Amino acid sequence: MPELPEVETIRRELEPLLVGRRIDRVAVHRHDIVGFPDADVFVRMAAGHTVTRLARRGKYLILELDRERDLVIHLRLSGHLEVVGPNVTPRYERARFALSDGRALSFAEPRVLGKVYLVMRSHYPAVLAGMQGMGQEPTGAGFTPRYLADALRGRRASVKSLLLDQRICCGVGNIYSDEALFRAGIRPTRRAGRLSPVEVRRLARELRRVLDDGIRWCGTTMADARYVLPNGARGRFQERLRVFGREGRHCRRPGCSGTVRRVKIGNRGTRFCPVCQK
DNA sequence: CTTGTGTCCTGTAGGC
DNA sequence: TGCCTACAGGACACAA
């Protein structure tokens with residue numbers, strides 16, 4: 001679930017609660033939540049470190065620890081992080097990090113698809129190779145129209161599926177790819193390599209803008225409330241969605257009589273306005 | 001190398 | 001109410 005804006009929001013919320021705290025004890029309730037190293041080693045090695053900084057790369061949240069170690073967390077579809085009191089155990093808690101201030105960082109993940117990793121900063125293991133191959137941060141200075149044009153040139157795949165490719169646009173997921181394509185006026189089914197230079201430029205700009213907006217509004221909390229901030233508050237970007245989750249409803253662009261449609265692209269639900277998006 | 005499909009795992013919503 | 005199926009915002013392995 002959480003995409004770049006949601007993970008960035010979580011990072012900002014957790015940073016003041018975690019930096020300077022030491023991880024005193026680690027408990028893993030489900031071993032398959034640990035991506036690296038083996039769960040028992042993870043439990044032993046993660047304890048005793050102090051959090052120095054929180055970073056993010058794509059959808060990965062990185063708790064930088066002392067002694068050159070990183071605690072890397074990926075929330076996948078339904079992961080949730082929360083700082084709780086010593087006697088509070090959130091539902092679906094899979095791992096728990098007791099902190100030196102008496103509280104604990106709780107990692108809940110109903111679907112057990114999310115993962116935690118403990119790695120040496122200088123030596124990211126093969127299990128995190130996907131992170132090494134990641135492309136430019138779409139909100140960063142390196143994400144230029146030129147960069148996107150180079151990445152899309154000659155590609156026959158749909159532009160939607162390439163927006164979801166973390167090697168090109170890291171941090172982008174299903175919500176913000178649909179929203180960016182709507183804002184850029186481009187149908188998600190278009191072959192990426194067939195976009196005009198003007199369209200690519202527009203797409204690069206709108207992708208950046210929609211992600212910045214998502215961050216500004218603290219992410220998207222849909223009706224199921226699978227994503228909420230660490231403090232339990234809801235994001236507010238859902239109020240500003242133009243197509244995602246709006247299939248069958250009228251397009252929000254003033255004067256447009258179109259109805260938002262839903263199709264499948266690469267097994268992912270995809271929404272667009274057939275009038276606004278060419 | 002590129003592209004599309006299936007799978008991981010669990011919970012929930014909707015149909016009957 | 002109960003059972004069954006389809007589906008879910010991600011990432012990766014794998015086959016063609």
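Bear in mind that the values here come from a model prediction, so they are computed numbers and not experimental data.
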Under the rule for salt bridge (Lys or Arg N to Asp or Glu O under 4.0 Å), what residues qualify as partners of [X], not counting sequence neighbours?
| X | answer |
| --- | --- |
| Glu206(A) | Arg209(A) |
| Arg234(A) | none |
| Arg11(A) | Glu8(A), Glu15(A) |
| Arg190(A) | Glu199(A) |

Scan Leu71(A), Leu18(A), Thr50(A) and name whichever one has a side chain to side chain contact (heavy atoms under 4.5 Å, CB included) with Ile23(A). Leu71(A)
Just by distance, do the side chain of [X] and the backbone of [Y] share a donor-acceptor pair under 3.5 Å?
| X | Y | answer |
| --- | --- | --- |
| Asp101(A) | Arg103(A) | yes |
| Arg187(A) | Pro274(A) | yes |
| Lys160(A) | Ala157(A) | no |

Classify the nucleic acid contact of [X] as base, sugar-phosphate or nothing, counting any heavy atom under 4.0 Å across all strands shown.
| X | answer |
| --- | --- |
| Arg271(A) | sugar-phosphate |
| Tyr92(A) | sugar-phosphate |
| Ser78(A) | nothing |

Starting at the 5' end of DNA chain B and moving along, which residue's nearest nucleotide shows up first, Arg226(A) or Gly266(A)?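 The answer here is Gly266(A).
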Which comes earlier along DNA chain B counting from the 5' end, the contact point of Arg94(A) or that of Arg191(A), where each point is its nearest nucleotide?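 Result: Arg191(A).
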To the nearest 0.5 Å, atom CD of Gln238(A) lies from atom OG1 of Thr221(A) at 5.0 Å
Quick one: are [X] and [Y] in side-chain contact, heavy atoms under 4.5 Å?
| X | Y | value |
| --- | --- | --- |
| Leu4(A) | Lys59(A) | no |
| Asp70(A) | Leu118(A) | no |
| Phe107(A) | Ile33(A) | yes |

Measure from NZ or CZ of Arg242(A) to the centre of the six-membered ring of Phe182(A) and say whether it is under 6.0 Å with the direction within 45° of the ring axis. no
Listed by chain and number, what are the ring pair (Phe, Tyr, Trp, His ring centres under 6.0 Å) partners of Phe237(A), not counting sequence neighbours?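 Only Tyr176(A) meet the ring pair (Phe, Tyr, Trp, His ring centres under 6.0 Å) criterion with Phe237(A).
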Want to know the stems of DNA chain C: at least 3 consecutive Watson-Crick or G-U pairs with distances under 3.5 Å, which are they?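 Stem list for DNA chain C: B:2-8 with C:10-16, B:10-16 with C:2-8.
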Which of residues 105-126 of chain A sit near DNA chain B, with a heavy atom under 4.0 Å from it? Pro110(A), Arg111(A), Val112(A), Leu113(A)
Residues from residues 153-165 of chain A lying under 4.0 Å of DNA chain B - heavy atoms: Arg155(A), Arg156(A), Ala157(A)
Start and end of chain A contact along DNA chain B [non-hydrogen atoms, under 4.0 Å]: dT2(B) to dG11(B)
Quick one: is His74(A) getting a side-chain N or O under 4.0 Å of the dG10(C) phosphate, OP1 or OP2? no
Would you say Gln166(A) reaches dG10(C)'s phosphate, i.e. side-chain N/O to OP1/OP2 under 4.0 Å? no
Determine the Euclidean distance between corresponding [atom1] atoms of [M] and [N]; express it in Å to zero decimal places.
| N | M | atom1 | answer |
| --- | --- | --- | --- |
| dG6(B) | dA6(C) | P | 13 Å |
| dT5(B) | dC7(C) | P | 15 Å |
| dC9(B) | dC14(C) | P | 15 Å |

Using nucleotides 14-16 of chain C, report all nitrogen or oxygen pairs with the protein that are shorter than 3.5 Å.
none

Apply the hydrophobic cluster definition, ILVMFWY joined by side-chain contacts under 4.5 Å directly or through others, and give me every member besides Ile265(A). Val263(A), Phe272(A)
Under 3.5 Å, sequence neighbours excluded: what are the donor-acceptor pairs made by side chains of residues 78-91 of chain A?
unit_1, atom_1, unit_2, atom_2, d
Ser78(A), OG, Glu109(A), OE1, 2.4
His80(A), NE2, Glu82(A), OE1, 3.2

